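As the structure is a prediction and not an experimental result, all values here were calculated from the model. Whatever order the structure lists them in is the order used to number ligands and atoms, beginning at 1.
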Amino acid sequence: MRSPSLTIIGSDVPPSWQQMLSDLITDPQELLTLLRLDAREKPLGLLAAEQFPLKVPRWFVSRIEPGTWKDPILRQLWPSVEEQIDAPSYVVDPLQESRFNPVPGLLHKYTSRVLLTAAPHCAVHCRYCFRRHFDYQGNAPSRSDWQAAFAHIAADARIEEVLLSGGDPLALSNRQVGWLLEQLEAIPHINTVRIHTRMTIVLPQRIDAELTSMLAASRLNIVLVSHANHAHELSEESDVAFRLLASSFVTLLNQSVILAGVNDSSDTLIALSKALFAQGVLPYYLHLPDAVAGTAHFDVAISRAQALVADMQAQLPGYLVPRLVREEPGNDSKTRYA
Ligand SMILES: *Cc1c(COP(=O)(O)O)cnc(C)c1O
Ligand code: SF4
């Protein structure tokens, strides 16, 4: 971490990502003041904000257009009263993840790959998050849990790929990410590590030289799945981060969630695919929303989502059309809808 004395040299010394990560906006009123908005127009959902508080890096707020509640990024961040409307088929754990959780911190749903909830927190709280009710505290692996997770992976030679998810695995320090990589490199049948992160979007400064040289030096294939839902989320800073990753031999993909009022139009989705490709990233999955309690107002009907993807297909090269998927508990992969 940058020592405080260094910042005296000049006020133009940019803050380190660690400082940025410890200076998140969590006060709803502060966010509204920055955006010149009035809470009376769109009251805060108090219960929603208590269960899953507002959280966003100060830098990322610059991606939001001030003065309008219609902004597609703000809609992903603002704890709204709509979250408190009871929708009977929306549940706390729609993916039944607790069924596939043999050791704390590890999900093994699909034969050849497992997912580690490597970090108990994120830099941002996305209102539609399917893990918003996930018991991170109860699932924060202790040292012996980590040993059990690696033992589970080492004992099953069918597992070739490990996904680092969370929370956000890049909310961890480089030292912690490095330790995880080392543990996985030591298991001979693991050939790929996939990092699922929103950091490339909400705090791209996180992608520093220490991290990328570590990734470049690994014997493992490294795949990074970024998470952007709208072209406005991409920035000059994310471009720098993706270029650094690409020059460190990291394969770059993006996943999105289709969200009412955010990106449920073909023009918006096409613009997103083009903006990603301009930064060297290919669209991978477009997820249908999961039926997570508190997120019904984001729902888009499957038939409508399919029509939007058909529009994308008619206007884009095949490699810029994401696969429309949903996770259905008990299936041996995600289910494709287009
Ligand atoms: C989505 C997911 C994966 C990865 O699936 P892919 O189709 O390979 O992207 C692996 N494990 C879990 C638990 C998942 O939810
Ligand atoms: S960054 Fe990912 S895990 Fe974290 S709140 Fe957003 S969608 Fe959920």
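With a heavy-atom cut-off of 4.0 Å, His108 does not touch ligand 1 at all. Counting heavy atoms under 4.0 Å from ligand 1, residue Arg194 touches it through the side chain alone. Contacts between Val114 and ligand 1, counted as non-hydrogen atom pairs separated by less than 4.0 Å, are absent for every part of the residue. The backbone and the side chain of Cys126 each have at least one atom closer than 4.0 Å to an atom of ligand 2 (non-hydrogen atoms only).
A cation-pi contact, defined as under 6.0 Å to the ring centre and within 45° of the axis, is absent between Arg206 and Trp59.
Among the atoms of Arg113, some N or O lies under 3.5 angstrom from an N or O of ligand 1.
Below 4.0 Å from some heavy atom of Tyr285 lie the following atoms of ligand 1, by number and element: 6 (P), 7 (O), 9 (O). Near Arg198, the atoms of ligand 2 lying under 4.0 angstrom from a non-hydrogen atom of the residue are 1 (S). Heavy-atom proximity to Leu163, at under 4.0 Å, picks out these atoms of ligand 1: 3 (C), 4 (C), 10 (C).
Closest to atom 8 (Fe) of ligand 2, if we only count protein heavy atoms, is Cys129 SG, 2.3 Å. When only non-hydrogen protein atoms are considered, atom 14 (C) of ligand 1 lies nearest to Lys334 NZ, 3.2 Å.
No hydrogens or angles considered: nothing links the side chains of Glu83 and Gln51 as a donor-acceptor pair under 3.5 Å. Side-chain polar atoms of Asn331 and Ser333 form no donor-acceptor pair below 3.5 angstrom.
Taking a cutoff of 4.0 Å between a charged side-chain nitrogen and a carboxylate oxygen, Arg198 and Glu233 qualify as a salt bridge. In summary, Asp239 and Arg243 engage in a salt bridge, as defined by a charged side-chain N under 4.0 Å from a carboxylate O.
By the 4.0 Å heavy-atom criterion, Glu327 is counted among the residues contacting ligand 1. Remark: distances from the non-hydrogen atoms of Tyr284 to ligand 1 include one below 4.0 Å. For Val124, the closest heavy-atom approach to ligand 2 falls below 4.0 Å.
Here the shortest heavy-atom pairing between Arg127 and Leu54 reads NH1-N, 4.1 Å.
When side chains are defined from C-beta on, Tyr90 counts as touching Asp299, because their heavy atoms get closer than 4.5 Å. Residues Leu35 and Leu74 meet the side-chain proximity criterion, which asks for heavy atoms closer than 4.5 Å.
A continuous path of Ile, Leu, Val, Met, Phe, Trp and Tyr side chains, each step under 4.5 Å between heavy atoms, connects Leu46 with Leu37, placing both in one hydrophobic cluster.
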